Amino acid sequence: MELHIERDVLADQLALASRGVNVRGGGLFVLTGLHIQADGEGLVVTGTDLDLTVRTQLRTPVEREGASVVPARLLTDIVRSLPAGQVSVRVDGDEMQVSGSKTQFSVRTLPVADFPSLPQPAGEDVTVSASDLAEAFRQVVRAASSDEARPILTGVLLTARDDGLRLVATDSYRLALRDLRDAHVLDAGQQVLVPSRALEELGRMLNRSNEVTVRLGERDACFEISEEGQSVQLSCRLIAGDFPSYEALIPATHDNRLEIERAALLNGARRLRLLARDTNAPLRMELSTHSVELMVISTDVGSATEQIDATYQGDPATVAFNPDYLIEGLEAAGGDVVEIVRLDALKPAVLRSPGQSDFLYLLMPVRVS
């Protein structure tokens with residue numbers, strides 16, 4: 001195999017495909033490498049851990065066709081380290097030579113035959129707005145669990161609705177829900193559970209195109225982004241199992257309501273979190289008609305308070321939340337103003353932007369004495 005390519009272009013392809021590489025240890029050693037194929041169609045780079053696969057395709061001249069598997073991190077770091085300009089890549093036997101300007105590296109390759117054959121995901125192609133999908137992922141994926149002992153909660157539920165698509169994620173302490181109108185990617189009544197890791201990686205790629213092609217099969221999902229001369233395809237295995245029922249948690253009515261400037265509450269929570277980050281102390285909110293007082297009390301470190309102007313309807317109350325979860329909800333909501341309803345010491349509160357019904361963030365309170 002032999003080709004000549006601009007360093008920055010090659011580095012971009014390697015970095016993208018590396019997002020699928022096995023970095024968690026265990027499994028096949030060959031999966032720590034990138035599968036690189038050069039043929040008449042150009043350059044194809046694939047990284048996978050068998051649950052998540054990222055494949056990039058680039059139209060570029062190829063001097064000599066062939067395939068190789070090279071340690072992902074080492075090759076990516078080598079290419080990035082080379083001087084700007086054209087890079088030469090050549091494979092002879094079990095060595096890959098990478099050179100640029102007056103620098104040359106020789107790297108031992110991994111057995112190509114050991115790299116698994118990866119079938120193309122099945123399903124019907126549906127095109128949706130990349131920016132809308134990216135915003136939905138930004139809002140929802142953060143609420144998924146990272147605890148692999150509870151695999152169902154590490155996924156994001158995609159459910160078909162009459163007006164489009166609903167995305168839901170929860171780690172049992174908070175829940176994020178976003179409706180995407182006119183995004184008809186599932187059949188009526190269909191729902192799938194997609195690993196949050198896959199959607200998080202996809203979200204980082206969606207700024208490369210205006211549209212993304214979605215293909216959902218029975219056991220896997222595929223997302224493809226195309227731009228001039230190149231494309232990126234991310235595919236993943238779907239999670240099997242039943243997502244917990246959540247509809248009953250969303251209140252139809254509420255006894256109280258707080259309306260507050262989002263930036264003021266967000267910045268105040270970030271400041272007071274400084275005192276809580278090593279102690280897991282909750283962030284208390286004392287609610288009165290025209291203000292909310294934030295408070296963190298740590299017996300080992302100290303205390304902090306901050307008063308913020310707000311509009312509150314309801315009986316005076318004190319509630320407490322995990323500051324990190326509150327901050328993430330405020331970051332997800334967007335807008336200048338947020339409302340928090342059903343502020344109760346025992347029931348989940350609902351955070352959203354006033355007048356926007358397509359997103360909500362459910363947050364469980366923390367009990368305090």
Side-chain angles (χ1 to χ4, degrees), residues 1 3 5-39 41-60 62 66-82 87 89 91 94-96 98 105 107-121 137 141 148 154 194-209 212-213 215 219-227 229-238:
M1 180 176 72
L3 71 153
I5 186 172
E6 286 296 310
R7 181 203 66 177
D8 292 345
V9 174
L10 178 58
D12 183 50
Q13 302 300 300
L14 298 175
L16 284 170
S18 291
R19 292 175 179 173
V21 169
N22 180 11
V23 295
R24 293 175 290 180
L28 297 172
F29 181 70
V30 74
L31 297 183
T32 64
L34 289 171
H35 184 279
I36 301 173
Q37 180 175 330
D39 57 27
E41 298 294 321
L43 180 68
V44 179
V45 185
T46 304
T48 184
D49 63 3
L50 299 183
D51 290 322
L52 173 68
T53 299
V54 180
R55 177 185 286 111
T56 71
Q57 294 180 285
L58 175 71
R59 289 198 210 104
T60 187
V62 172
S68 183
V69 178
V70 188
R73 184 171 180 178
L74 177 60
L75 179 61
T76 303
D77 288 345
I78 285 173
V79 172
R80 285 174 174 166
S81 75
L82 293 173
V87 170
V89 178
V91 176
D94 61 354
E95 285 193 352
M96 172 179 282
V98 184
F105 287 86
V107 179
R108 291 280 186 178
T109 61
L110 303 176
V112 175
D114 291 350
F115 200 87
S117 176
L118 302 169
Q120 286 290 327
F137 292 166
V141 169
E148 294 188 1
T154 65
V194 184
S196 59
R197 176 190 165 215
L199 298 186
E200 185 175 15
E201 294 293 354
L202 178 62
R204 298 187 179 121
M205 306 175 188
L206 289 175
N207 61 351
R208 307 174 72 89
S209 178
V212 56
T213 300
R215 193 181 306 128
R219 297 183 179 85
D220 50 27
C222 178
F223 305 86
E224 186 166 344
I225 305 160
S226 299
E227 50 186 326
Q230 60 181 308
S231 65
V232 183
Q233 183 187 88
L234 182 149
S235 57
C236 63
R237 290 179 179 174
L238 299 177

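Side-chain atoms are counted along with the backbone in the values below, which use heavy atoms only and exclude waters and symmetry mates. Just so we're clear, the structure is a prediction, and the values are computed from it rather than from any experiment.
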Quick one: pull up [atom1] in [X] and [atom2] in [Y] and give me the separation to the nearest 0.5 Å.
X: S68; Y: H35; atom1: OG; atom2: NE2; answer: 8.0 Å
X: E95; Y: R108; atom1: CD; atom2: CZ; answer: 5.0 Å
X: D220; Y: L52; atom1: CG; atom2: CG; answer: 12.0 Å
X: M96; Y: I78; atom1: CE; atom2: CD1; answer: 9.5 Å
X: E224; Y: Q57; atom1: CD; atom2: CD; answer: 7.0 Å
X: L14; Y: D77; atom1: CG; atom2: CG; answer: 10.0 Å

For residues [X] and [Y], report the shortest heavy-atom separation together with the two atoms involved.
X: S18; Y: L34; value: OG-CD1, 3.6 Å
X: P116; Y: V30; value: CD-CG1, 4.4 Å
X: G20; Y: V54; value: N-CG2, 3.8 Å
X: A72; Y: V21; value: CB-CG2, 3.8 Å

Any side-chain heavy-atom pair of [X] and [Y] under 4.5 Å:
X: V45; Y: L10; value: no
X: L75; Y: V107; value: no
X: I5; Y: L58; value: yes
X: V194; Y: L238; value: yes
X: C236; Y: L199; value: no
X: F115; Y: L110; value: no
X: P195; Y: R237; value: no
X: R208; Y: L16; value: yes

Worked verdict on L206 versus F137 for side-chain contact (heavy atoms from CB on, under 4.5 Å): CA-CA 10 Å; L206 289 175; F137 292 166; 4.0 Å; yes
Taking it one step at a time, do C222 and Q233 satisfy side-chain contact (heavy atoms from CB on, under 4.5 Å)? CA-CA 7 Å; C222 178; Q233 183 187 88; 3.4 Å; yes
One pair to check against side-chain contact (heavy atoms from CB on, under 4.5 Å): L118 and L50. What are the steps and the verdict? CA-CA 8 Å; L118 302 169; L50 299 183; 4.2 Å; yes
Working for side-chain contact (heavy atoms from CB on, under 4.5 Å), residues R19 and L234: CA-CA 10 Å; R19 292 175 179 173; L234 182 149; over 6 Å; no
Could you tell me whether the side chain of [X] and the main chain of [Y] form a donor-acceptor pair under 3.5 Å?
X: R80; Y: A11; value: no
X: S209; Y: S226; value: yes
X: T109; Y: D94; value: yes
X: R7; Y: L82; value: yes
X: S196; Y: T154; value: yes

Side-chain ion pair, R204 and E201, N-O less than 4.0 Å: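 Salt bridge between R204 and E201, a charged N being under 4.0 Å from a carboxylate O: yes.
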Residue among D39, L43, V44 satisfying side chain to side chain contact (heavy atoms under 4.5 Å, CB included) with E41: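 Result for side chain to side chain contact (heavy atoms under 4.5 Å, CB included) with E41: D39.
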CD (E148) with more than 12 external heavy atoms under 6.0 Å: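 Atom CD in E148 is not packed in, count stays at 12 or less.
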